Amino acid sequence: MADWDEIKRLAADFQKAQLSTGLQRLSERNCIEIVRLLIEKGLIDVIYTNDGKEYLTQDHLQQEVKDELYVRGGRVNLIELAKVLNVDFGKIEYIAKRLVERDPDLHLLLGQLIDASYIQRVASEINQKLVQYGEINIGQLTSTYDLPTDFIINNIVMANLNKIIFAKRDPTNAHIFFTQSYIARNKAKIRGALAAITKPTMISVILHLTGVPARILSMTLSEMLITVHSPGGQYIPQVYQRMQSQWVKDYFKQNGHIMHDTVKKLGVWDVRSFVQSQLPDEKLVNLNNCFIGNRLIEQVKDAMDMCITSNSYLDISTILPPALSDENIEEILTHVLTPSIRKQTYVFGTVILTVNFMDDCVKGCQELVQEHAKRAVESGNYQKYMAEKMMKHQDVDHGAMDEGKVDKREERRKKAATGKGGGGAQGRETKTKSTKKHTRGNRGNVSDSDDDFEIQSNAGGKKGGKEPHIELITAKEIAKVVEKSLEPEGLEMLAKDVANHYFPILSKQALAKAHEMYEQSLQKSNQNRRQTHASIQEKLNTLYNDIRLYEKGLKLFAADVQGQLLKYLLKTFGTDMCNELCLYVASECNLNTNFNAPLTAEQRTKIANDSGAEYRAPLLSLCKSLTASETVEDFLDKTEKMMQACSMMLKKIDKKKDRNLILCHKHGLLEQLTNCDDSALIMHLAVLIIFTVSTQTMLHASGRHVSAILSFLQTVLTAEDSKVFNKYHDLVLKLLSTENSTSEEAKSSAAEITKQLGELTPVVKSIASNFKKAGVTPVE
């Protein structure tokens with residue numbers, strides 16, 4: 001019962017609620033839930049707006065899209081539609097695709113909806129532009145309407161061609177359309193401009209003056225069968241071509257030649273073909289930069305024959321047109337000079353000299369050859385050259401001998417293995433003729449013989465060295481003589497060329513003449529060689545004896561001072577002996593001895609290495625002993641061996657003559673002391689004199705050894721004399737120390753020292769001159 005009562009109560013409330021409609025309303029939330037429920041059950045199909053406050057049906061949204069398209073003139077952007085209609089872009093895109101599928105006049109392009117009215121309006125605007133400008137480019141329309149090129153061409157222009165758009169498509173460029181009147185107007189401009197042109201004109205100039213597009217000009221020229229000459233891009237009128245042809249014919253007929261540059265100035269690019277086409281009957285010679293006719297060639301040949309007949313000269317430039325350059329003349333000469341003519345002439349630039357004419361010009365050089373050959377032999381330059389050449393040949397011969405030894409060993413082995421009988425010559429021994437060449441038959445021109453050439457080649461191949469060379473006569477000297485002969489003819493400018501041509505010939509003649517004089521001088525020099533050998537032997541004996549005597553003096557000193565004196569002795573007298581022997585060996589071996597100063601250690605070593613085998617070892621040992629010897633005996637022993645190698649005799653020592661030599665040495669020192677004014681040298685000479693007198697020996701010492709000698713003489717001198725010498729020695733040292741100073745104090749000090757030395761100098765000279773040995777036993 002309770003449940004039934006409850007149902008009745010609820011029914012009454014529901015009926016009451018129905019009767020009171022103005023009092024009970026649904027809330028916004030309830031409405032939203034109800035609509036959502038209906039959409040879920042598929043009872044309704046609506047679209048939400050972006051803010052969710054409104055609902056649209058598909059048909060209503062479609063109608064609104066059409067309305068917006070109409071309002072916007074037939075073209076609307078879908079993104080702008082989504083903003084205006086406040087609907088999601090995806091829904092708008094879906095509606096747009098449905099509209100395009102149903103209506104073929106609608107187009108969905110690049111996110112834009114376009115209808116037929118917009119296309120017709122654009123076509124109308126394009127036609128207006130064509131009427132205004134005469135032509136239009138699709139590329140410009142693409143940027144103007146912001147539409148793809150293909151869409152504009154296919155859907156707007158081509159679809160409305162000859163309907164709304166009245167134009168013609170350019171056959172060479174599918175993106176250009178033009179009107180027929182525009183083409184006719186431009187062709188009229190082109191024809192008028194071409195008719196007015198009378199000289200070659202650049203296409204760019206024609207375009208600039210007429211204002212016609214380049215493609216229309218090209219098309220018009222093609223239709224008119226007019227060729228444009230590239231690479232210059234020029235238009236050449238027919239009247240100008242006729243003028244070119246006539247000018248070339250007249251110029252060549254008058255001058256016999258025509259320059260390439262002249263033809264190019266007429267506007268012709270292929271000069272060779274053009275000239276040959278205009279002068280088909282002429283025998284043309286095409287040079288580097290011009291054409292010449294056969295008439296000029298014959299003229300040059302006639303002049304050449306006359307020149308050879310008269311043994312004279314010919315300047316080609318005087319009979320050829322001035323316009324031709326030296327290069328052109330050289331090319332002409334290649335066509336004119338036959339082998340027979342070349343044998344009789346020489347060509348120097350544009351001048352042709354016959355052989356006889358040139359020989360007459362060079363006759364005066366024979367005296368020059370004779371003079372220079374004689375001078376070379378007298379000065380020794382030719383002898384030096386021959387010595388270097390012989391050394392070079394000796395090096396090559398040694399290499400050839402070594403190779404020959406190896407070959408002979410191989411040959412002996414083969415003979416030992418096979419026997420003398422050879423099967424290739426029917427078991428007999430065969431002789432072969434020697435193919436070796438000798439220089440005996442070519443003495444007149446030694447430097448140019450075949451043997452010399454072979455030696456040069458071998459030497460260059462084995463050692464890479466240069467063949468010795470001597471220049472007896474110069475091209476400059478020859479040119480001075482030749483210039484005097486050419487000057488009367490006005491050809492002095494060719495003196496150098498002629499001299500350079502004859503220089504090798506005259507050099508060979510001078511060399512041959514010098515060799516002849518050299519052989520004559522050898523005969524005389526052999527007679528003088530014995531006298532030279534004797535004089536050098538005498539000089540070496542003198543030096544040998546002096547060194548032996550000086551050795552006795554230096555042995556009286558302590559070991560340290562003795563070593564210094566030994567070095568000084570070998571550096572002076574020892575070096576003189578070694579130099580004499582080196583120069584003698586160099587002369588014997590024909591080595592280079594043209595030195596401006598005394599021989600250095602390197603020069604002595606080089607002479608020793610380059611000398612013959614009999615001299616090399618003893619001379620190298622002697623040169624080394626100058627610095628390596630610890631005693632005089634060692635140096636003298638090596639000197640004696642070297643003199644024996646040079647076939648020189650060493651005189652037997654005579655001790656009786658030693659006293660006379662010591663006495664002569666003392667007198668020589670006294671004479672120097674008497675005539676000497678230098679205080680340092682006076683001190684040096686004085687102590688040497690006292691040493692010689694007191695010890696009866698000779699001493700060879702330098703100024704730096706004066707202190708040591710003075711210390712040695714303290715036991716010989718009296719106390720008073722010793723005091724004088726010590727004071728004088730100290731003053732000399734002070735004076736030498738002040739010489740390099742520039743101060744006033746040093747100058748005044750030097751003056752005072754000089755004054756004191758001047759007072760003591762007579763005393764020192766007197767002591768040295770009057771010194772007598774007192775109870776000193778002579779040292780043997």
Side-chain angles (χ1 to χ4, degrees), residues 190-207 209 217-218 220-307 314-338 341 347 349-352:
I190 293 170
R191 284 194 296 270
L194 296 180
I197 292 174
T198 58
K199 65 179 182 179
T201 305
M202 301 294 291
I203 296 299
S204 58
V205 175
I206 299 174
L207 292 174
L209 294 175
L217 177 60
S218 177
T220 305
L221 292 175
S222 300
E223 292 177 356
M224 298 174 66
L225 301 178
I226 295 176
T227 303
V228 176
H229 293 269
S230 59
Q234 286 185 331
Y235 163 70
I236 301 178
Q238 290 290 336
V239 62
Y240 187 80
Q241 291 180 348
R242 289 195 300 271
M243 182 269 294
Q244 283 179 329
S245 176
Q246 190 61 38
W247 190 90
V248 168
K249 292 177 181 178
D250 293 342
Y251 185 93
F252 187 84
K253 184 178 180 180
Q254 181 178 358
N255 299 284
H257 77 283
I258 189 167
M259 307 300 294
H260 289 185
D261 292 339
T262 305
V263 181
K264 285 182 179 179
K265 289 179 181 179
L266 299 176
V268 177
W269 295 103
D270 190 357
V271 176
R272 182 174 182 178
S273 300
F274 180 79
V275 173
Q276 288 178 347
S277 63
Q278 300 303 320
L279 303 169
D281 300 330
E282 295 286 345
K283 293 181 180 179
L284 299 177
V285 177
N286 186 14
L287 303 182
N288 185 31
N289 60 353
C290 69
F291 290 92
I292 62 171
N294 192 51
R295 184 181 62 185
L296 283 179
I297 298 293
E298 294 299 329
Q299 186 176 348
V300 172
K301 287 182 179 180
D302 295 340
M304 192 82 67
D305 293 339
M306 186 177 297
C307 171
L314 172 65
D315 189 351
I316 299 294
S317 61
T318 58
I319 61 175
L320 290 176
L324 298 181
S325 64
D326 292 344
E327 294 181 359
N328 299 140
I329 295 175
E330 290 179 4
E331 290 180 283
I332 293 173
L333 289 176
T334 58
H335 291 82
V336 173
L337 294 176
T338 61
I341 295 178
V347 180
T350 62
V351 180
I352 299 174

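Being a predicted model, the structure only gives us computed values, none of them experimental.
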Evaluate side chain to side chain contact (heavy atoms under 4.5 Å, CB included) for Phe274 paired with Val248, printing each intermediate quantity in order.
-> CA-CA 10 Å; Phe274 180 79; Val248 168; 3.7 Å; yes
Point-to-point distance, once rounded to the nearest 0.5 Å, from OG1 of Thr262 to CZ of Phe252 = 13.0 Å
What heavy-atom pair brings [X] and [Y] nearest, and what distance separates the two atoms?
| X | Y | value |
| --- | --- | --- |
| Cys307 | Ile352 | SG-O, 4.3 Å |
| Arg295 | Gln254 | NH2-O, 4.1 Å |
| Leu296 | Gly256 | CD1-O, 3.7 Å |

Among side-chain atoms of Gln246 and Asp250, is any donor-acceptor pair under 3.5 angstrom?
-> yes
Results of side-chain hydrogen bond (donor to acceptor under 3.5 Å, both in side chains) for Ser277 - residues two or more places apart only = none
Test item: His257 and Tyr251 side chains (from C-beta on) under 4.5 Å apart, heavy atoms = yes
